[in-house]
*Asks:* 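Take this structure first; my questions come after.
What you see is a predicted model, and the numbers here were worked out from it, not measured in a lab.
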Amino acid sequence: MAFKLASSPHLSTKAQTRGLMFKVMLCALPGVLAQCYFFGWGTLIQIALAIAIAIATEAAVLKLRARPVGKTISDNSAALTGLLIGVAIPAMAPWWIAGIGVVFAILVVKQLYGGLGNNIFNPAMAAYVMLLISFPVQMTSWVAPSGAALNDLGFLQSLSIIFQGADAEQILAYRAGIDGVTMATPLDAVKTGLSTGLTLDEILAKASFSDGFGIGWAVINLAYLAGGLVMLKLKLIRWQISTAILASLFVCASIGYLLSPDTHMGPLLHLFSGATMLAAFFIATDPVTAATSTRGRLIFGALIGLLVYLIRSFGGYPDAFAFAVLLANLCAPFIDYYVKPRAYGHRASR
Amino acid sequence: MLTLLEQIDKGTLWRIPGGIHPPEHKSLSNQSEIARLPLADHYLVPVPGVGENCTLAVKAGDTVTKGQPLTLGEGFRYLPVHAPASGKVIAIEARASNHASALPVLTCVIENDHQEQWIDTVHAPLSPEQVAQMDNDAIISRVQAAGIAGLGGAAFPTHIKLKPVSDIELLIINGVECEPYITSDDKLMQEACDEIVRGIAIIHQLLGPKRIIVAIEDNKPQAIEQMSHALNRSQLPSHCARVSKIPTLYPSGGEKQLIQILTGQEVPSGAIPANLGILVQNVGTAYSITQAVYRNMPLIERVVTLTGQNIAKPGNYWVPIGTPVEHLLAAAQFKGDENSPVIIGGPMMGYMLPNVAAPITKGTNCVLLPSEQEVAPPSPEQPCIRCGECAQACPAQLLPQQLFWHAKAQEYDKAASYNLRDCIECGCCSYVCPSDIPLVEYYRVAKSALRQEAEEKKQAELAKQRFDSRTLRLEQEKQAREEKAKQAAERRKAQMTGSDKDAVAAAMARIKAKKAAQEQDQVPATTNIDDGKGATKPQDKVAAAIARAKAKKAAQKAKSEAPASTEPTESHQQATTANTGEAAAMSQKDKVAAAIARAKAKKAAQNSAEVSEASQGATQDEVQNLGQDAQETAPLSQKEKVAAAIARAKAKKAAQAESAHEAPPQEDAEGEQTATKASTPNATETEASSPEAIKKAKIAAAVAKAKAKKAQQANSEEQVAEPVATDEQAVQAVPADDPGAIKKAKIAAAVEKAKAKKAQQEKTGKEVAEQAASDEQAIQEAPVEDAEAIKKAKIAAAVAKAKAKKLAKAQAENPNNEHKD
């Protein structure tokens, strides 16, 4: 018989890795659009650039490794990595930031470990951390979110800033053109403010927060939350990791805020600023680098939430998701090893 | 807390972890009644048990009736198979099996004669009352004789399950049928609910469970209704039996999963449900039990779902077991081509049949003939992204991604540590996998590798045991050989060491004897110098030249031995004197024996008996005996001995008159030989003084020879020869362990010879001889302990000898010449 004999089961869901990845990207759309709205064309340009470099790098490496190129690229995992790096770097960062980050993510963090499914670290977050440490100025040059960002700076202008680079005058002119203030993220502002001895109320009372500066980030987070809920609904992700992250962060922030409201951000500020929702739904849920069992995922998520809170409150960096995710990635095999579910017919061991 | 039974009565259901909801596709086949297809012309009944627990009951060419057993077997595990149609057995040969491998198995090929002639043991149905009166053994033997195996798919012999290891509290009748496409149980429950319930009643009669649950998925409302009605109609106690509707979820119909759903309990890993007091039987099995018990009808047909979009007439059919699958395909109008898959069982756990010539078996509940839209060829495997969906779907709560990881890396031991053997191969993990990884296939490979490994381990263990026992056996044999060799060596050594010891003892004895002799020689010499010094200075006082010569020789010996003896301390000397006493005692006995022998020989000679005869006739034993006798009689017969000595002298004279020359030299030669023989082993075996010993021995031999010659010269051969011969025989007779004694005996013999010579030389030798004899007797009578006394006696004897010699010398030449001839 010429028919290839197959082992049971002979039925399979239509779910495919490529579709899964693609749907995740689609679910990120609300957040991406919100970012565009607040940060201008630069966001889209960065995303497109990152995705293109990601796919190109993946193809090149696969060719070198003599693996099927087309089939592997079509699993959309490289594109998703590119997307996540694109949304994570500042909208007006020079092109080589995205280039270096994506090549590092795909080449070093993913393919050198054996490609999809074999990497230990989340490629996007590893690249982000690498960039943050290597190019701190470029990586923290977020402009203040403004509702008129798309109008303020045209698409071509954004392109030229990103690709041709901007000398100091151009940047100054550009920034002056927006609102004349170079702004870090709210988390950055709070961190800086707290370090100068201001209380949280004083920092939040400053002009930068009152004119929608904090609102912009909150909206972006809400948009990612919406996308995440859709993913949950579509069962693209399981609820454990995201819920555990948010719950853990909320609990930790609440405790800190209750103990010392002047020096600790409130839980809501924690949840809706920075990369919280993006990381909780789109980054930490990367299955390859996360724990796999239900309990393991809860532990994994809770660990991330705790680490984020600790680094944000007591560490040197304003945001901490990249570090927290990478540290949790390190723990994932350990968690998986020790948090095995009790198999049918076995007594609970341990 | 409610008890389990109360919870069951309440209808509580538990959830199983995982599970999936694959498309059911049941409506394809459950729209029509169970039908019959045209019968096949040939049936293939596998008889795999032949050679294991049964033999063939038919042979090629035999005619069989429908329902006739094809095998004969014994034992409780034996499961007979029956002819599904009347006809002729045309072959019994290996045919493709209904298995994923299609490996050929021994198969009975029956040509259907389409006569439908039943075997006559099948009878009209009994009444339920009659069945109720049957005893358990009769029921079970009917079930066994009917060849009923679990019809759910596993085909485990039902009669074994009906004799469980423990009491059954809960009987579960499995009508879940959770696999997509399959509707055979569903339709059977709808159409034969009363028969099924009768089968349930039979099991109830056998095992007396406290509760009976008929479990049916909620997607079979008609079956649920029919079964409920049938239960209500039945004789079963109403509180005890009921239908339980369970939510549709694959794989709820798995035995372990069903138990978990209905009781919340888990069958411990490696155990069977009977350990929990639970028995699970398929509805089709219950139906077959009814047929077997009520009608004595064997299991020769079953309901098979023929379904899939590749068949024109999907539905459920009563199919005789043994019907070739290809016959079914033709009868139900298979639309596919030779490349279309034929799946035995459902889409989740069924296997693709490589060869459609294989027959339907007792466990075949479905033949699925899917189109390519239904079951696509497997898509290529992609990398596992550890999404964990498989772990979510796994009803056994395993971690399929970890199992896969280790199975793919062939780390089977690690896979086993993730409880690989608890995998029920339901296929949920593969079903949900977004990377299209054939997980179950990996697990099957890993499981068989583990099985093989275990088997090899077992074989290796056996081989090791064999090797160990062989090594042990060889070792034991070797040891036994060594032990034997050792024993032999020890025996040899014992002989050798015995002679060694003897040699040492002999050497010691010799030394003592010599010392004694020395003393004998020295005391008359009244020298105040001890050891060799005195000896080297011959005393003029000793008149007799022969005595002097002897003394010299003895002194020489003593001298040569003196250095050999180490550190002559006082204690040592004491020890030697004590030993000398013993040695002297020995020699004394010998002397007595010799003397008596001599005396007797002389008497014999006196009685004009043949001298040679006497000497030759005196065997060692005789001499010994005589010696013993003499010893016994010695103290009493002193006078007699004196008389004997006189007689001896007379005999000598008489012998002088006769002429028998030949024997003595011979005897002497023999004596010489024995002397050397006696001395040589001693010499060679004594380390300290072996050359000296040899020398001494030779000297002694030379002395003996010289004496013998003298004796010859003395012309009184017979008389001399006689005692010499007897003495030498006595010497030979002396036990080997005391060469010292031998030596003494020789010395004694030599002394006697010398005396004899003297006696000869002396014309008036009688008196001397008498004296010598009496002296000797005195010596003999001296107590063993009293070495001093012996010494004195010996000295006296020596003095006497010396005197005798002097006398002999003085009267010298003539007699010698006279007797020369």
*Asks:* By a 4.5 Å heavy-atom criterion (distance strictly below it), what part of A/L20 contacts chain B: side chain, backbone, both, or neither?
*Replies:*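 Only the side chain of A/L20 comes within 4.5 Å of chain B.
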
*Asks:* With a 6.0 Å cut-off (strictly less than), is the heavy-atom count around CZ of A/R65, excluding the residue itself, greater than 12?
*Replies:* yes

*Asks:* Please name the pair of heavy atoms, one in A/T292 and one in B/R386, separated by the smallest distance, quoted to 0.1 Å.
*Replies:* CG2-O, 3.5 Å

*Asks:* So which heavy atom on A/L116 is nearest to which on B/P383, and how close?
*Replies:*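 Minimum heavy-atom separation between A/L116 and B/P383: O-CB, 3.4 Å.
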
*Asks:* Do the non-hydrogen side-chain atoms of A/D336 and B/L399 ever get within less than 4.5 Å of each other?
*Replies:* no

*Asks:* Measuring only between side-chain heavy atoms, which start at C-beta, is A/H10 closer than 4.5 Å to B/P370?
*Replies:*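 Of all side-chain heavy-atom pairs linking B/P370 with A/H10, none is under 4.5 Å.
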
*Asks:* Should we say atom NZ of A/K63 is surrounded by more than 12 heavy atoms from elsewhere, each under 6.0 Å from it?
*Replies:* no

*Asks:* Minimum heavy-atom separation for A/S8 to B/G350, with atom names?
*Replies:* CB-O, 3.1 Å

*Asks:* Between A/K235 and B/Q392, does the side-chain contact (heavy atoms from CB on, under 4.5 Å) criterion hold? Intermediate values first, please.
*Replies:* CA-CA 12 Å; A/K235 292 197 175 169; B/Q392 300 291 332; over 6 Å; no

*Asks:* With a 4.5 angstrom heavy-atom cut-off, which part of B/E441 approaches chain A: side chain, backbone, both or neither?
*Replies:*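 It is both, since atoms from each part get that close.
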
*Asks:* Taking every heavy-atom pair that is under 4.5 Å apart, which of B/G427, B/S269, B/G345, B/P395 has the most such pairs with chain A?
*Replies:* B/S269

*Asks:* For the candidates B/Q265, B/Q382, B/E389, which exhibits the highest count of non-hydrogen atom pairs separated by less than 4.5 Å from chain A?
*Replies:*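 Heavy-atom pairs under 4.5 Å are most numerous for B/E389.
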
*Asks:* Which atoms of B/C387 are under 4.5 Å from chain A, going by heavy atoms: the side chain, the backbone, both sets, or neither?
*Replies:*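 Both backbone and side chain of B/C387 come within 4.5 Å of chain A.
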
*Asks:* Between the main-chain N or O of B/Y431 and the side-chain N or O of A/T13, is there a donor-acceptor pair closer than 3.5 Å?
*Replies:*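 Yes; at least one donor-acceptor contact below 3.5 Å.
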
*Asks:* Measuring heavy-atom distances to chain B, does A/R18 have an atom under 4.5 Å in its side chain, in its backbone, in both, or in neither?
*Replies:* neither

*Asks:* Would you check if A/S12 and B/D436 make a side-chain contact, meaning some heavy-atom pair closer than 4.5 Å?
*Replies:* yes

*Asks:* Quickly, which of B/V267, B/I16, B/L398, B/N419 forms a side chain to side chain contact (heavy atoms under 4.5 Å, CB included) with A/Y344? Name it, please.
*Replies:* B/V267

*Asks:* Out of B/G388, B/A396, B/S379, return the one with the most heavy atom pairs under 4.5 angstrom to chain A.
*Replies:*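 Most heavy-atom pairs under 4.5 Å with chain A: B/A396.
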
*Asks:* Work out which heavy atom in A/L11 is nearest to a heavy atom in B/E374; give both atom names and the distance.
*Replies:* CD2-O, 3.6 Å

*Asks:* Pick one of side chain, backbone, both or neither for B/P438, based on which atoms fall under 4.5 Å of a heavy atom in chain A.
*Replies:*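 Contact with chain A: none, neither part.
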
*Asks:* Heavy atoms, side chains only, cut-off 4.5 Å: are B/Q397 and A/H346 in contact?
*Replies:*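 B/Q397 does not reach A/H346 side chain to side chain.
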
*Asks:* Please look at B/P17 and chain A and tell me whether the side chain, the backbone, both or neither of the residue comes under 4.5 angstrom of a heavy atom of that chain.
*Replies:* neither

*Asks:* Heavy-atom distance under 4.5 Å to chain A: side chain of B/C433, backbone, both or neither?
*Replies:*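 For B/C433, backbone heavy atoms alone lie under 4.5 Å from chain A.
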
*Asks:* Does any heavy atom of chain A fall under 4.5 Å from the side chain of B/L439, the backbone, both, or neither of them?
*Replies:*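 Nothing of B/L439, per the 4.5 Å heavy-atom cut-off to chain A.
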
